Amino acid sequence: DLLVAHGYAGPRATAALGAPIGAEHHAADLPLYLRRLAEPTPLHTLIRLFALHGAVAEADARRAFSPLPLEEVASLGLVERADGGVRPLVALAVTEGLVLARDRPDPVTFAVQPDHVLGVGPPALLLARLTVRRAARRVLDLGCGGGVQALLAARHAETVVGGDLSPRALAFARFNALLNGVRNVEWREGDLYAPVAGERFDLVVSNPPYVVSPESWLLFRDGGEAGDGICARIVAGLDSHLAEGGFATVLANWGMRDGEHWSDGPRRWVEGTGCDAWILRSEVQDPLTYAAVWTRGPDEAGYRDALERWLSHYGALGIRSLAMGLLVLRRRAGG
């Protein structure tokens with residue numbers, strides 16, 4: 001109610017900042033944004049905290065959070081008092097009519113923890129906008145992260161199950177459901193389909209850790225399997241969990257070897273699932289470019305070593321290029 005009253009959850013905030021609330025605002029743009037928000041109104045203070053990830057004066061924070069005491073906001077884990085001011089512990093993005101809390105990188109090093117919870121980037125929005133939206137009895141969000149896909153599905157489903165391996169991600173998802181007044185989602189902890197064994201759904205959506213990676217330390221990025229194994233496992237599992245006539249939408253990356261058509265890998269995943277499939281490819285990258293996207297950072301030596309590890313991994317698997325895309329599937333007996 002407080003965010004709505006001050007305009008953070010609507011067009012007033014976008015107009016005040018001059019950019020969408022929740023997009024990643026790079027340090028180079030901060031002087032521009034801070035100048036626009038120089039007057040310490042409650043809306044400007046909330047934007048500085050939760051969109052620009054900056055500290056504010058304690059008096060300004062108290063005015064912005066009124067009638068909630070600052071101490072109560074801190075007890076929720078949203079902010080902390082430090083160095084005579086108040087600084088944020090999470091970011092609050094506004095997207096698709098939802099306000100979504102997420103982790104923020106370290107403000108100095110931009111480093112993230114292994115269980116870092118992402119916001120809503122372009123891949124998540126692509127998944128949301130290519131999901132078949134129709135009335136459904138039961139929906140599964142597989143690898144739900146902070147919960148955006150589950151919360152969107154809750155608008156047209158009787159019940160939704162959001163599952164994730166990360167307790168921290170589920171904590172954010174539960175908070176985001178409460179924040180947006182969504183009550184028909186159940187959150188379960190576990191690996192992929194394990195928390196829903198024996199259950200079927202009218203719709204399955206999945207934004208998994210799809211990056212083709214030799215690493216296993218970042219939960220949101222690394223599937224922990226060789227090559228594109230986690231995407232193959234998710235698609236194969238639809239045979240046991242998708243109801244007749246049900247749809248699934250799965251984000252995926254996959255490797256391509258010499259002589260392969262770009263669709264060969266996903267076609268193999270789909271075989272035996274009883275599903276029609278629409279395979280969409282958005283981009284293809286060479287291994288070096290792909291590795292650089294996911295490993296670049298301020299530590300030059302670490303960046304160089306990571307590139308070597310990732311390229312060795314692709315070489316061992318015979319991967320010559322990597323594709324990014326999405327699958328839309330429909331279960332249809334006899335088709």
Side-chain angles (χ1 to χ4, degrees), residues 1-10 13-14 20-24 46-47 49-53 64-65 68 72-80 88-105 112-113 115-129 131 133 136 138-190 195-196 203-209 219-220 249 251:
D1 292 343
L2 186 151
L3 294 172
V4 170
H6 288 317
Y8 189 94
T14 301
I21 298 296
E24 289 298 336
L46 291 171
I47 295 173
L49 279 169
F50 296 123
L52 299 184
H53 316 156
F65 292 131
L68 284 177
E72 185 172 343
V73 179
S75 74
L76 292 173
L78 301 181
V79 299
E80 66 178 359
L89 295 177
V90 303
L92 293 177
V94 179
T95 186
E96 304 290 304
L98 299 168
V99 180
L100 299 167
R102 64 171 177 85
D103 269 324
R104 60 190 190 93
V112 298
Q113 297 301 310
D115 58 355
H116 181 90
V117 179
L118 290 175
V120 183
L125 287 175
L126 177 68
L127 176 63
R129 292 167 183 172
T131 293
R133 301 289 178 192
R138 303 191 74 221
V139 176
L140 171 63
D141 180 3
L142 193 66
C144 65
V148 59
Q149 307 299 334
L151 299 180
L152 291 174
R155 296 172 175 173
H156 58 91
E158 293 180 19
T159 60
V160 180
V161 175
D164 204 284
L165 188 63
S166 167
R168 183 169 180 79
L170 292 172
F172 270 92
R174 291 187 183 97
F175 178 84
N176 286 331
L178 291 168
L179 184 60
N180 291 279
V182 178
R183 295 177 174 83
N184 59 331
V185 183
E186 175 187 352
W187 308 101
R188 302 184 192 176
E189 182 182 340
V196 293
L203 173 66
V204 176
V205 294
S206 184
N207 181 3
L219 290 180
F220 72 80
T249 312
L251 281 174

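Note that this is a predicted model, so its numbers are computed, not measured.
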Does [X] have any side-chain hydrogen bond (donor to acceptor under 3.5 Å, both in side chains) partners at least two apart in sequence or in another chain, and if so, which?
X	value
Glu186	Arg188
Glu189	none
Glu96	Arg129

Rounded to the nearest 0.5 Å, what's the gap from [atom1] on [X] to [atom2] on [Y]? Could you check?
X	Y	atom1	atom2	answer
Leu76	Leu68	CG	CG	8.0 Å
Leu179	Leu98	CG	CG	9.0 Å
Leu78	Leu92	CG	CG	6.5 Å

Quiz item: Is it true that a side-chain atom of His116 and a backbone atom of Phe220 form a donor plus acceptor pair closer than 3.5 Å?
Solution: no
What's the shortest heavy-atom distance between [X] and [Y], and which atoms?
X	Y	answer
Ser206	Leu142	OG-O, 3.0 Å
Ala150	Asp141	N-OD2, 3.0 Å
Val4	Ala9	CG2-CB, 4.2 Å

With sequence neighbours excluded, what pairs up with [X] under the side-chain contact (heavy atoms from CB on, under 4.5 Å) test?
X	answer
Val94	Tyr8, Ile21, Val99
Ala154	Val160, Val182, Asn184, Val185
Leu126	Leu130, Leu251, Leu326
Pro88	Leu49, Phe50, Arg104

Quiz item: How far apart are the C-alpha atoms of Val148 and Leu125, what are their side-chain angles, what is the distance that settles it, and do they pass the side-chain contact (heavy atoms from CB on, under 4.5 Å) test?
Solution: CA-CA 9 Å; Val148 59; Leu125 287 175; over 6 Å; no
Output side-chain donor-acceptor pairs under 3.5 Å for residues 161-178, partner residues at least two apart or in another chain, one line each.
| unit_1 | atom_1 | unit_2 | atom_2 | d |
| --- | --- | --- | --- | --- |
| Asp164 | OD1 | Ser166 | N | 2.8 |
| Asp164 | OD2 | Cys144 | N | 3.3 |
| Asp164 | OD2 | Gly145 | N | 2.8 |
| Ser166 | OG | Arg168 | N | 3.3 |
| Ser166 | OG | Ala169 | N | 3.0 |
| Arg168 | NE | Asp103 | OD1 | 3.4 |
| Arg168 | NE | Asp103 | OD2 | 2.8 |
| Arg168 | NH2 | Asp103 | OD1 | 2.6 |
| Asn176 | OD1 | Ala101 | N | 2.7 |
| Asn176 | ND2 | Ala101 | O | 3.2 |
| Asn176 | ND2 | Gly146 | O | 2.9 |
| Asn176 | ND2 | Phe172 | O | 3.2 |

Self-check item: Side chain proximity check, Thr131 to Leu152, heavy atoms < 4.5 angstrom
Solution: no
Quiz item: Does any non-hydrogen side-chain atom of Val139 lie less than 4.5 Å from one of Gln149?
Solution: no
Exercise. Output every pair passing salt bridge (Lys or Arg N to Asp or Glu O under 4.0 Å) with a member in residues 151-162, not counting sequence neighbours, ordered by first then second residue.
Key: none
